[in-house]
There are 2 protein chains.
Amino acid sequence: MPPVRNRRAQHSEATRSALLDAALRRFVEHGYAATTLEDVATDIRATRGAVYHHFAGKSALFEAVFDRVETETFRRVVERGAQAGTPWDAMLAGIEVFLDRCCEPEYARIVWQEAPVALGWHRLRNLEERYAYSVVAETVRALTELGELPEHPVEPVSRIMFNVFGTAGMALAETPDADRGRVRDEYAGVIRHLLTSVRVRRERS
Amino acid sequence: MPPVRNRRAQHSEATRSALLDAALRRFVEHGYAATTLEDVATDIRATRGAVYHHFAGKSALFEAVFDRVETETFRRVVERGAQAGTPWDAMLAGIEVFLDRCCEPEYARIVWQEAPVALGWHRLRNLEERYAYSVVAETVRALTELGELPEHPVEPVSRIMFNVFGTAGMALAETPDADRGRVRDEYAGVIRHLLTSVRVRRERS
DNA sequence: CACGAAACATACGCTGTGTATGTGAATGCA
DNA sequence: TGCATTCACATACACAGCGTATGTTTCGTG
């Protein structure tokens, strides 16, 4: 089928969105390396010209997809966290939301499996600074200040916690649908145990 | 300078080794994506033909480099662990060796930064099964059986621990030489604290 | 109703991988 | 000792896929 010729100015935003949808699907199903811009374009009956009109290049397209997925996740986590009573409970609630999100293939694959390949380690690190990591770091900072976490430099603690969550994300990304619920709960259990263990037990005065 | 023509059968192994050396240096200094097989070949005054004679392709070359680096690390960790009295102390000692190894740029860059890009997530996971992860998993299994670690499924606990170590590796990979000692000790402290916290405290009977 | 300008499509070049083929030196063998 | 074979590469070629430069259609605007 030949490309459609009568795309109008008003459809611009729709085209961009359709490209993001198509790219997301391709990246999730076949991975970053195996998807061509040609593929993405023809999926919406357009050409690579359309892609390069809306995005600076292949990795920029991935970044846009990544941004969409991460922003949505970030939103959900913060939303739920705000409903909790204490910072500690906010964190626990946020983890549950996060783990649920990791059960959706699009999140797990894009963020934890493909992103390192597509963006390279440094770029990814810079991006995460704006999304998930910033939330974790802020939480750790607050909890340390409240005395609920032991006195350690915030940076390594945050990095470690961030990657602990990431471990669950990566694991769930490759778990078959049938087992995903069980594995999710296993990780939830281990993480809760871990956090409880490191939580500072204050003496009742 | 033109390629050398008089390479003899006896030099074959030397050529292979030289290619690995050159590749390692290139991958560490410029990253996987930015290094060409042409670069690697000319570094030892050969052509890409030599590379394709010894290795199946670019990613296979990286795998060989990866194997070299990981095997050496594995060896050191196990060696030191064997000297410890108890399994728990063996683990702690192994962690110290591992963190020292992470301070060497070649290890941190190859294993923690470039490997995901070069091999993709799945391939890397399969490889790690044979190296670092297997050691961690075996340790966790043993410690759980001894009752030193709480009763959790071995798989998620091992994955999480593995990635906690990985966090330190990644962090050290991008830490400037001047700060590396300090950061190393920060991570060592946090990890020790973490492990001590989750260790099962048994009642003295 | 010319006249941009947005929103693409088409055409091209270039880099780097992989592969197929060529070549000289050593080695086995009659 | 001559010749064939094989190893260890070098050379040459094909091709995929990214990026870029340029063309074309449609619509808003004066």
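Note on naming: letters A, B, ... go to the chains in the order of the sequence lines (proteins, then strands), and numbering restarts at 1 for each one.
Between dA7(C) and S12(A), a contact under 4.0 Å exists linking OP1 or OP2 to a side-chain N or O. Distances shown here put a side-chain N or O of H54(B) below 4.0 Å from the OP1 or OP2 atom of dC9(D).
Distance, F55(A) CZ to dT20(D) P: 16 Å, rounded to whole Å. Put simply, CZ on R45(B) is 17 Å from C1' on dA8(D), counting in whole angstrom units. Atom CZ in R16(B) sits roughly 16 Å away from atom P in dC7(D) (whole-Å rounding). Look at NE2 on H53(B): it is 18 Å from P on dT21(C), rounded to the nearest Å.
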Test T175(B) against R180(B) for side-chain hydrogen bond (donor to acceptor under 3.5 Å, both in side chains), laying out the working first. CA-CA 6 Å; T175(B) 303; R180(B) 200 164 287 153; 5.6 Å; no

Stepwise, does the ring pair (Phe, Tyr, Trp, His ring centres under 6.0 Å) test hold for Y131(B) with F74(B)? CA-CA 7 Å; Y131(B) 301 101; F74(B) 174 87; 7.2 Å; no

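E96(A) pairs with exactly one of R192(A), R101(A), R76(A), R80(A) by the salt bridge (charged side-chain N to carboxylate O under 4.0 Å, His left out) rule, that one being R192(A).
With sequence neighbours excluded, the residues satisfying side chain to side chain donor-acceptor pair (under 3.5 Å) with R141(B) are E138(B), E145(B). Taking E38(A) as the reference, nothing meets the salt bridge (Lys or Arg N to Asp or Glu O under 4.0 Å) condition, with sequence neighbours excluded. In this view, E174(A) and R125(B) satisfy the side chain to side chain donor-acceptor pair (under 3.5 Å) rule, not counting sequence neighbours.
For the ring pair (Phe, Tyr, Trp, His ring centres under 6.0 Å) condition, the pairs that include at least one residue of residues 138-162 of chain A, sequence neighbours left out, are W112(A)-F162(A), Y133(A)-F162(A), H152(A)-H193(B).
Side-chain contact check for L20(B) versus L24(B): every heavy-atom pair is 4.5 Å or farther apart.
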Grab the N/O contacts between the protein and nucleotides 16-19 of chain D below 3.5 Å, and write none if there aren't any.
unit_1  : atom_1 : unit_2 : atom_2 : d
dC18(D) : OP1    : K58(A) : NZ     : 3.2
dG19(D) : OP2    : Y52(A) : OH     : 2.7
dG19(D) : OP2    : K58(A) : N      : 3.2
dG19(D) : N7     : R48(A) : NH2    : 2.5
dG19(D) : O6     : R48(A) : NH2    : 2.8

Please convert DNA chain C into dot-bracket. A pair counts if it is Watson-Crick or G-U wobble with both distances under 3.5 Å; crossing pairs go in [ ] and bases paired with another strand get |. ||||||||||||||||||||||||||||||

